[in-house]
Number of protein chains: 2
Amino acid sequence: MARTQNGTGVRIQDVAARAGVSVGTVSHTINHPELVSARTRRAVERAIKELGFVPNQQARVLTGAASQVIGLVVLDVVSPFFMEAARAVERAAREAGHVVILCNSDNDPARESQLLQILGAQRVRGALLTPARTGQGGDRARIEAGHLPVVFLDYQTAGDDCSVSVDDVAGARLAVEHLLELGHERVAFVGGGQGLRQHVQRAQGARDAILAAGLDPSTALVEITQDGLGIQDGVLAAEHLLEGELPTGIFCGNDMMAFGVYRRLSRAGVKVPDDVALVGYDDIDFAADWVVPLTSVRQPTDQLGYLAAQLLFEHSAGDEAHVHRQTVLQPELIVRSSSTRGGRTGVTIVG
Amino acid sequence: MARTQNGTGVRIQDVAARAGVSVGTVSHTINHPELVSARTRRAVERAIKELGFVPNQQARVLTGAASQVIGLVVLDVVSPFFMEAARAVERAAREAGHVVILCNSDNDPARESQLLQILGAQRVRGALLTPARTGQGGDRARIEAGHLPVVFLDYQTAGDDCSVSVDDVAGARLAVEHLLELGHERVAFVGGGQGLRQHVQRAQGARDAILAAGLDPSTALVEITQDGLGIQDGVLAAEHLLEGELPTGIFCGNDMMAFGVYRRLSRAGVKVPDDVALVGYDDIDFAADWVVPLTSVRQPTDQLGYLAAQLLFEHSAGDEAHVHRQTVLQPELIVRSSSTRGGRTGVTIVG
DNA sequence: TTCATGTATTGAAGCGCTTCAGACAGTATC
DNA sequence: GATACTGTCTGAAGCGCTTCAATACATGAA
């Protein structure tokens, strides 16, 4: 089967020849049918169908059309959080007749710039970006490197950029306040991912809550940071905690780590929630179905992705009047039995 | 900040002007540096850097260069199985300097053709496709519609297409044989996703195993099919099972459904594995960490994605000598305590 | 000096498309 | 009958790039 290098070999001029009109007319029937008589339009449409003509989008974009592609750069493709957001982005894209290039920066700034460069070279319409690590303004530079409209996802920017984020500090505060209200006076924060912004902010939120309660973080808060973000990292964190005096409340930077903590604790005979109250973050599907249903901070993931994509479309519409906008979404604490002492299942929302 | 519609407004001719050479020379220093004297090369490189020139990939492709983009069409973006495969695809792509457009067909043939059409219009280098539903040859037509090189992912094709798949029939056989060996004489298969190919084949494998053991499927095998693939669908399936005489071994088409089955059963006071042995499919991360570690069929997901991507690169290299190749990978049964009676933790491989 | 032989560089054609200025009827207006 | 439209259609220019034939300039050999 002979194919030209770029897919279907039929070009607009083949269609024109077949329909007995000029290429301009074919182009018009595709893009401005109102300029073409019904008769020719039908002829052209027939020729298109017969030849299986699919306009070359690259050529189109080259002549100034807006690209139908947007980029999405996240820190981790397998993270349920990002994937739920990605699904929402995909949905928004689909509704706008677009398609998404999904990239994985692995939280590595170098890889991130490379990706932005590639997306720029593809002349995508724009990109959604969750910046890798803490870049201290280097971010801006990296974005400019890509020379494309960017909307930040899950990252709050100052005024001169578009962003949609979830308030991680507030989420962590919710979690720790909850533990404090339950009477725990010594709590731990288990974070992961070296320098991962989200976790840095959650640690901050934990500290804020402790302070707001009039407690001293140096005694009332144990902070543990692991390299990774998985169950195993939770296990390791719990190991650390077991070495000293165990706090009675543990807040983890994500649900996976909470599961790991749970696993290690129960292996050590520590009961959740009787001996230790456990709170996770993200409220992934599994949280509600865990051995002990996990109290967790739920993020409006779907909204996050959807809004960000919409903002990008607006931002990249070339509308001169576009003003950069920052949307900060609020997380919500879902209380389940992993934190409510004595087996009381104080479920606020059934997950 | 004035930007042209397609990103950086710097064109090759701007670079040429800046460096005081012709566009041809600039192009040469980028693509065939050996044709350019060291002196001019340096000058051009400097101009490129100073202007932040990024070649327009669309224009490049238009002149015959191979696209740096491949498409990946899966049934569900949030499925852990596909996402692990996607990550492997992404890795393979990255190694080849490519980037992946990730699409979600939602197991809908119409959406699938639409996506192939879009990918075709983008003139991507090729696509990896997990076909939606059972299309009975309609598949081929749909692929041709896209006019692009396609490698099937997680779907076994006949000789005239490239594919990388995992033997679902064999996987299911492993699972059911395991149950039969444990002495269970009446087992259930819980499948999901209306007409989802993978589950249809797993059902087949279950039947095969029953037959091979000399049992009668009409009495020894209970088949239940749910619409979805999630925990909740497992719960519903278990509900059905509880209505009649409960089989002593249950094999689920995926781990999520197994979790759901477990949940409903334990709510009904049925103990796993003491009363019922439970086996899942996919061996997702959580399987090993479930309340009762779940026996599951592990698929070589990473290999699946990586090999498929490589095959696509080979296939789309335009190499005339390319022969279509079908690779079928073998799954593996990971035995954990959800199936081994009396609390024996007959763990074959520590998950 | 004149050729041949390279090596460096250039300019233009062409990739597939859109769009814009014109051309060419066919009507309506004066 | 001349003029001005209006509705259709065409041809060519141009999007940013690559490539190929052609040119220009050295260099060494004859």
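Labels below follow one simple rule: chain letters A, B, ... track the order of the sequence lines, proteins then strands, and each chain is numbered from 1. These values consider heavy atoms only, across backbone and side chains, with no hydrogens, waters or symmetry-generated copies.
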Can you tell if the side chain of L304(B) reaches within under 4.5 Å of the side chain of F81(B), non-hydrogen atoms only? yes
Name the residue closer to the 5' end of DNA chain D, choosing between A59(B) and G24(B) according to the nucleotide with the nearest heavy atom. A59(B)
H32(B) vs dT19(D): side-chain N/O to OP1/OP2 distance below 4.0 Å: yes
When we call it a touch if two heavy atoms are under 4.0 Å apart, what does S37(A) touch: a base, just sugar-phosphate, or nothing? sugar-phosphate
Under-4.0 Å salt bridge between R87(A) and D302(A): no
Using a cut-off of strictly less than 4.0 Å, decide whether T25(A) has a side-chain nitrogen or oxygen near OP1 or OP2 of dC9(D). no
Hey, does the side chain of T63(A) come within less than 4.0 Å of dC15(D)'s phosphate (OP1/OP2), counting only N and O? no
For Q57(B), does its backbone N or O pair with a side-chain atom of R123(A) as donor and acceptor, under 3.5 Å? no
Using a cut-off of 4.0 Å on non-hydrogen atoms, how would the nucleic acid contact of L35(B) be classed: base, sugar-phosphate, or nothing? base
With a 3.5 Å distance limit and no angle check, can you tell me whether N104(B) reaches the backbone of L75(B) through a side-chain donor-acceptor pair? yes
Between dC17(D), dG16(C), dC17(C), which nucleotide gets closest to the side-chain atoms of R11(B)? dC17(D)
Using OP1 and OP2 only, check whether a side-chain N or O of N56(A) sits under 4.0 Å from dC17(C). no
To the nearest angstrom, the CZ-P distance between R60(A) and dG16(D) comes to 18 Å
